[in-house]
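Below, chain A is the first sequence line, B the second, and so on; all start at residue 1.
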Number of protein chains: 2
Amino acid sequence: MVLKQMTKYGKEILALIEASHDHLTAEQVFHALRERCPGVALATVYNNLNRLWQEERIRKISVEGMPDRYDRIRRHDHVVCKGCGRLLDVDLGDLTAQLERAAGRPILAYDLKLIDLCQACREKEKER
Amino acid sequence: MVLKQMTKYGKEILALIEASHDHLTAEQVFHALRERCPGVALATVYNNLNRLWQEERIRKISVEGMPDRYDRIRRHDHVVCKGCGRLLDVDLGDLTAQLERAAGRPILAYDLKLIDLCQACREKEKER
DNA sequence: TAATGAAATTAGAATCATTCTAAAATGGTG
DNA sequence: CACCATTTTAGAATGATTCTAATTTCATTA
């Protein structure tokens, strides 16, 4: 895929996502962007997020029952809390070769989520 | 978690999912169930899918941009086509211990998707 | 500089999956 | 049977995202 020149908002949004260590939803990106570009439309945010995603400049993370979240592309994995969906970064290194061997077939990439229960959710669990 | 007795539709839906080697959406479960139970409501399907999921009797798989799909619980992983979202089963065995070691923390479970491009999508890719 | 055309942006409607609501049906248990 | 909890139901509501068609922007060419 040939990467096209980025647009004004494309650049802004990419910068926002790269700078953030959270995992922003489209809505959160929209709010953050508004501070710098008051007039911008929500559709523009979705347009650009989709474009950036297709160009593989950002990652999209989906967890059941929550809005998609966007993340910088640099290789890393995630720990998702089973209770509240809280997402943390973790890096297990590049497992591609290993997984290909185990699967017996070549892959383009993989998506690995570790599931745990965060401190807060563990407390709540106990109460019951 | 103590498993409760299953309800009439709960059983039907669980059986449907266990029997199917596809990865059914709620809508597909609804259609299939209708053949055996013509009057059943879509809400009932969602109710039961959610209950079964909470009781960990079925799995829920979410891939960005598509409706959630449901799967039997037996341990296995998935290969997702990057182009069309087609989902195949693959079993890499239980990597829990290995992943815990790599992550340096205990986990409850994990969710691993291998990404590839299916034959059909590879053809299409070429055409461009 | 004016004209052209492609791509980006916009506002709002539309869609789709899913959840919610409140009422009705069902199913044990005493 | 009477009771109460649970399940089911139909349809409305919600929330995230996409679509649409008009408008704006911007680079390129005449």
Trainee: Can you list the steps and then say if B/Asp71 with B/His76 is a side chain to side chain donor-acceptor pair (under 3.5 Å)?
Mentor: CA-CA 10 Å; B/Asp71 198 0; B/His76 65 275; 2.8 Å; yes
Trainee: Describe the nucleic acid contact of A/Asn48 in one word from base, sugar-phosphate, nothing, applying a heavy-atom distance below 4.0 Å.
Mentor: sugar-phosphate
Trainee: With a cut-off of less than 4.0 Å, is there a side-chain N or O of B/Asn50 near OP1 or OP2 of C/dT18?
Mentor: no
Trainee: Taking everything shown except A/Lys82 itself, do over 12 heavy atoms lie less than 6.0 Å from its NZ?
Mentor: no
Trainee: When you match B/Glu27 and A/Lys8 each to their closest nucleotide on DNA chain C, which lands nearer the 5' end?
Mentor: A/Lys8
Trainee: When all nucleic acid strands are considered with a 4.0 Å heavy-atom cut-off, which category describes B/Gly10: base, sugar-phosphate, or nothing?
Mentor: nothing
Trainee: Map A/Ala43 and B/Thr7 onto DNA chain D by nearest heavy atom, then report which one ends up closer to the 5' terminus.
Mentor: B/Thr7
Trainee: Hey, does A/Asp68 reach any base, or is it just sugar-phosphate, or nothing, if we go heavy atoms under 4.0 Å?
Mentor: sugar-phosphate
Trainee: Quick one: B/Ile61 CD1 to C/dT18 P, roughly how many Å, whole number?
Mentor: 13 Å
Trainee: Between P on C/dT26 and CG on B/Asn47, what's the gap in Å once rounded to a whole number?
Mentor: 16 Å
Trainee: Which sits closer to the 5' end of DNA chain D, B/Gly65 or B/Leu42, going by the nucleotide each is nearest to?
Mentor: B/Leu42
Trainee: Without decimals, in angstroms, what is the distance between B/Phe30 CZ and C/dA17 C1'?
Mentor: 14 Å
Trainee: Round to a whole Å and report the spacing from NZ of B/Lys11 to C1' of C/dG27.
Mentor: 12 Å
Trainee: Without decimals, in angstroms, what is the distance between B/Leu14 CG and D/dT7 P?
Mentor: 15 Å
Trainee: Just checking, any donor-acceptor pair under 3.5 angstrom between side chains of B/Asp94 and B/Thr96?
Mentor: yes
Trainee: So, is B/Tyr46 close to the C/dT18 phosphate, meaning a side-chain N or O under 4.0 Å from OP1 or OP2?
Mentor: yes
Trainee: Name the closest nucleotide to the A/Arg51 side chain, picking from C/dA8, C/dA17, D/dT7.
Mentor: C/dA8
Trainee: Do the non-hydrogen side-chain atoms of A/Leu87 and A/Ile61 ever get within less than 4.5 Å of each other?
Mentor: yes
Trainee: Where the side chain of B/Pro67 is concerned, which of C/dT18, D/dT17, D/dT9 is the nearest nucleotide?
Mentor: C/dT18
Trainee: Find the distance B/Lys60:NZ to C/dA17:C1' and express it as a whole number of Å.
Mentor: 11 Å
Trainee: Do A/His23 and A/His21 have ring centres separated by under 6.0 Å?
Mentor: no
Trainee: Could you check how far CG of B/Leu33 sits from P of D/dT9, rounded to whole Å?
Mentor: 9 Å
Trainee: Nearest whole angstrom, please: distance from the C1' of D/dA16 to the CG of A/Leu24.
Mentor: 16 Å
Trainee: Answer yes or no: does a side-chain N or O of A/Tyr9 lie under 4.0 Å from OP1 or OP2 of C/dT10?
Mentor: yes
